[in-house]
Amino acid sequence: RETAAPQFTAPARTLQMEADGDTTPLDSLCLRSLKRTYTMYTSNYGQRPPVIEVGHALRMGCKVRGEYALVKDMPPPTASGSAVAAAKAAVAGARSAGSSKL
């Protein structure tokens, strides 16, 4: 999703000073520098930097290791796994019985 580049608006104080002719050399240099910086960065506004594959793989590995390290080496489910399947069947049966009342 691309977003439009923001429009440059100079601060009101600077515009008023330019109109009055009261600008100091420092104010005009700052304004020129601000305009140059704005034009330099508007060409790639809203674009994401390229993905570094090595860094991305390292980051994902750290996340997986951090979140799943405790359950990675667990034994397979035992009889309690069949209890879960029985509970799911009971819920499905209740739903079908509820729909027959309509």
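Keep in mind it's a predicted model, so treat the numbers as computed, not measured. Count residues from 1 along the sequence. Values below: every heavy atom of this structure, side chains too, minus hydrogens, waters and symmetry copies.
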Rounded distance [0.5 Å steps], [atom1] in [X] versus [atom2] in [Y]:
{"X": "Arg59", "Y": "Ile52", "atom1": "CZ", "atom2": "CD1", "value": "12.5 Å"}
{"X": "Asp27", "Y": "Arg32", "atom1": "CG", "atom2": "CZ", "value": "11.5 Å"}
{"X": "Leu31", "Y": "Leu26", "atom1": "CG", "atom2": "CG", "value": "11.5 Å"}

With no hydrogens and no angle check, is any side-chain donor or acceptor of Thr37 less than 3.5 Å from a backbone partner on Ser33?
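Flag set: sc Thr37 to bb Ser33 pair under 3.5 Å.
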Excluding sequence neighbours, so at least two apart, what forms side-chain contact (heavy atoms from CB on, under 4.5 Å) with Met60?
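Met60: side-chain contact (heavy atoms from CB on, under 4.5 Å) contacts with His56, Lys63.
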